[in-house]
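In the text below, chain A, chain B and the rest are named by the order of the sequence lines, each starting its count at 1.
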There are 2 protein chains.
Amino acid sequence: MTTVEEPARSGGRQRDAARTRAEILDVATKEFARAGYAGARVDEIAARTRTTKRMIYYYFGGKEQLFTAVLERAYSVIRQAEQELDVEHLDPVAAIRRLAELTFDHHEAHPDFIRLVSVENMHEAEHIAASEELARIGSPALEVIRRILAAGRESGLFTADVDAVDLHAMISSFCFFRVSNRHTFGALFGRDLVAADQRERYRTMLGDMVIAYLTADRTAD
Amino acid sequence: MTTVEEPARSGGRQRDAARTRAEILDVATKEFARAGYAGARVDEIAARTRTTKRMIYYYFGGKEQLFTAVLERAYSVIRQAEQELDVEHLDPVAAIRRLAELTFDHHEAHPDFIRLVSVENMHEAEHIAASEELARIGSPALEVIRRILAAGRESGLFTADVDAVDLHAMISSFCFFRVSNRHTFGALFGRDLVAADQRERYRTMLGDMVIAYLTADRTAD
DNA sequence: GGGCTAATGTACGAACTGGTTCGTTAGTGA
DNA sequence: TCACTAACGAACCAGTTCGTACATTAGCCC
């Protein structure tokens with residue numbers, strides 16, 4: 001998340017549309033992630049900004065559009081990360097494992113993003129559906145997975161015939177759940193899925209699971 | 001979810017504490033699942049009941065306690081289902097697969113429960129943490145998993161040394177994500193994870209994944 | 001330097017929302 | 001049958017909450 005950094009304010013410059021806009025987005029991201037859409041307060045967002053509520057309506061039009069803008073920026077961050085994926089020089093098994101680990105790391109590092117996605121799911125993805133920006137950019141990661149899977153199948157290493165979307169769902173579900181359901185899972189089963197001392201175990205477990213699935217001897221079942 | 005069934009109203013009986021309470025819970029479950037905690041409206045819940053808002057406060061005390069009561073009842077349903085698990089007569093591989101499938105089916109059949117859990121996670125499980133009832137009952141499924149894992153390891157079928165909680169997390173994450181993130185996933189990747197014609201594929205995929213992980217040849221990695 | 005527009009701040013209001021006050025009635029036990 | 005209590009309903013209230021009308025100013029362009 002590109003947090004607004006202090007620009008050269010020494011001169012006491014007061015008008016800066018770009019940074020006002022960005023600051024609103026920063027604060028709104030935290031507020032929506034904290035309280036959900038209905039729970040988020042426009043006044044609260046304004047108060048934590050060094051500008052006023054009037055500006056939120058001036059730049060974004062309303063609470064709803066602000067939330068859409070927050071989502072768009074949040075997704076752009078993960079898309080960015082995906083675009084920087086560089087695993088295709090590895091052999092298929094190592095590439096998939098690395099990909100899974102990067103997904104794992106990214107989800108853990110961005111709990112606010114996870115919460116925003118949960119919120120958006122509560123709203124049946126209506127903001128995503130209405131956003132041209134989000135419709136346009138697919139997921140770069142999918143293309144990467146597609147190529148790794150093809151290579152793995154060609155070399156005979158991968159026996160399963162999943163497609164890239166399925167594998168992405170499999171990897172994401174584990175990474176996402178671990179963060180999104182951390183609290184209820186912890187409260188009910190007494191284990192913090194995001195505890196630091198469990199991290200390596202779960203990270204390895206995810207890789208093991210995906211690789212085991214892809215390379216399993218299907219004829220044995 | 002034990003929906004309130006029409007009792008013998010022919011006589012025009014008007015007072016029935018138990019059924020008024022139950023009806024409020026039914027409606028509240030839907031409303032909280034639909035709109036989240038902050039988005040849910042006490043007035044709306046009252047309106048959809050054949051009683052009034054006054055009764056909600058009379059029986060539950062407030063919105064917060066009502067939500068806790070909704071959660072408690074929702075969890076009791078899944079605990080009930082878990083208690084009826086009967087898979088230990090199967091061999092370990094079949095037992096795990098069956099368990100995974102039952103979890104899969106249960107999550108799919110109870111989307112409102114999934115949404116409530118998502119909502120509760122947004123609130124960092126504070127209601128669960130404060131509920132004695134929920135603290136008391138653990139998860140019967142965990143005990144079942146524990147025994148199957150022990151049997152599987154003893155017979156040499158299972159090579160992975162996961163514990164029951166981890167395996168439960170693995171299975172749940174896939175089943176939960178498929179329902180909870182259905183909308184964003186569908187909007188972004190153009191695939192409905194809960195579409196009827198995909199159902200068997202994902203159901204099988206889950207079982208394959210878990211079994212592959214448990215029986216993988218660890219020395220080969 | 002003067003005007004023009006983008007940017008900004010203040011104050012307010014209409015609608016909503018959780019919760020309560022006050023009064024009423026059905027059913028039951030003596 | 002009568003009194004007493006659990007169950008119930010209508011109206012109301014105080015505090016919020018999103019959104020806006022109106023006034024103002026900084027900075028750019030000529």
Side-chain angles (χ1 to χ4, degrees), chain A residues 4 7-32 34-71 119 123 126-127, chain B residues 4 7-32 34-71 119 122-123 126-127 130:
Chain A
V4 171
R9 286 195 91 247
S10 49
R13 190 194 288 158
Q14 279 164 14
R15 302 209 155 184
D16 190 336
R19 71 141 287 147
T20 299
R21 231 189 98 100
E23 188 180 1
I24 292 172
L25 272 181
D26 280 347
V27 176
T29 296
K30 284 184 208 133
E31 174 71 357
F32 281 123
R34 181 188 68 80
Y37 180 77
R41 299 288 164 243
V42 177
D43 280 307
E44 181 65 22
I45 295 171
R48 298 198 189 200
T49 304
R50 82 187 71 174
T51 182
T52 64
K53 185 165 56 158
R54 176 71 183 77
M55 289 298 96
I56 293 175
Y57 287 88
Y58 182 69
Y59 283 116
F60 298 97
K63 191 182 182 183
E64 194 104 20
Q65 293 100 305
L66 176 60
F67 182 66
T68 299
V70 163
L71 269 185
V119 171
H123 291 267
E126 58 174 333
H127 306 93
Chain B
V4 170
R9 287 196 92 249
S10 49
R13 190 194 289 157
Q14 279 165 17
R15 303 212 155 183
D16 189 336
R19 70 141 286 149
T20 299
R21 231 188 98 100
E23 188 179 2
I24 292 172
L25 271 181
D26 280 347
V27 176
T29 297
K30 283 183 209 134
E31 175 71 357
F32 281 123
R34 182 188 67 80
Y37 180 78
R41 298 288 164 243
V42 177
D43 280 308
E44 182 65 22
I45 294 171
R48 298 198 187 199
T49 304
R50 81 186 71 172
T51 183
T52 64
K53 185 164 60 156
R54 175 73 182 75
M55 289 297 98
I56 293 175
Y57 288 88
Y58 182 69
Y59 284 115
F60 297 95
K63 190 182 183 183
E64 194 105 21
Q65 295 100 305
L66 176 59
F67 182 66
T68 300
V70 163
L71 269 185
V119 171
M122 286 295 297
H123 291 265
E126 60 174 332
H127 305 94

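- To the nearest angstrom, P of D:dA10 lies 14 Å from CD1 of B:I56.
- No hydrogens or angles were tested; on distance alone, nothing pairs the side chain of A:R50 with the base of C:dT8 as donor and acceptor under 3.5 Å.
- In this structure, B:D16 places its CG atom 15 Å from C1' of C:dT28, rounding to the nearest Å.
- For A:R54, the listed nucleotide lying nearest its side chain is C:dT8; candidates were D:dG9, C:dT8, D:dT17.
- Between the side chain of B:E31 and the backbone N or O of B:R41, at least one donor-acceptor pair lies under 3.5 Å.
- In this structure, the side chains of B:I24 and B:M55 come closer than 4.5 Å at one or more pairs of heavy atoms.
- Distance alone, capped at 3.5 Å, places no donor-acceptor pair between the B:R50 side chain and the B:A47 backbone.
- Counting heavy atoms from C-beta on, the side chains of B:I45 and B:L66 come closer than 4.5 Å.
- Contact annotation: A:T51 side-chain N/O to C:dG9 OP1/OP2 distance is under 4.0 Å.
- Residue B:Y59 is classed as a sugar-phosphate contact, given heavy-atom separations below 4.0 Å to backbone atoms only.
- Between B:A46 and B:K53, the shortest heavy-atom distance links the atoms CB-N, 3.4 Å.
- Between the CZ atom of A:R19 and the P atom of D:dG27 there is a distance of 14 Å, given to the nearest Å.
- If you find the closest nucleotide of DNA chain D to A:D43 and to B:T52, the one lying nearer the 5' end belongs to B:T52.
- Proximity of A:F32 to A:V119: side-chain heavy atoms (C-beta onward) are nowhere separated by under 4.5 Å.
- Distances shorter than 4.0 Å separate some side-chain N or O of A:T20 from OP1 or OP2 on C:dT8.
- Counting heavy atoms from C-beta outward, B:E64 and B:F67 have side chains that stay 4.5 Å or more apart.
- The stretch residues 34-42 of chain A does not touch DNA chain C, since none of its heavy atoms comes less than 4.0 Å from the strand.
- Between the CE atom of B:M55 and the P atom of C:dC22 there is a distance of 16 Å, given to the nearest Å.
- For B:K53 and C:dG19, a side-chain-to-base donor-acceptor distance below 3.5 Å is present, hydrogens and geometry of angles not being considered.
- In this entry the distance linking CD1 of A:I24 with C1' of D:dG19 reads 15 Å, nearest Å.
- For D:dG19, the base has no donor-acceptor partner in the side chain of A:K63 [N/O atoms by modelled type, under 3.5 angstrom].
- In this structure, B:R21 places its CZ atom 16 Å from C1' of D:dC8, rounding to the nearest Å.
- The distance from atom OH of B:Y58 to atom C1' of C:dT20 is 15 Å, rounded to the nearest whole Å.
- In this structure, CZ of B:F32 is placed 9 Å from P of C:dG18, rounded to the nearest angstrom.
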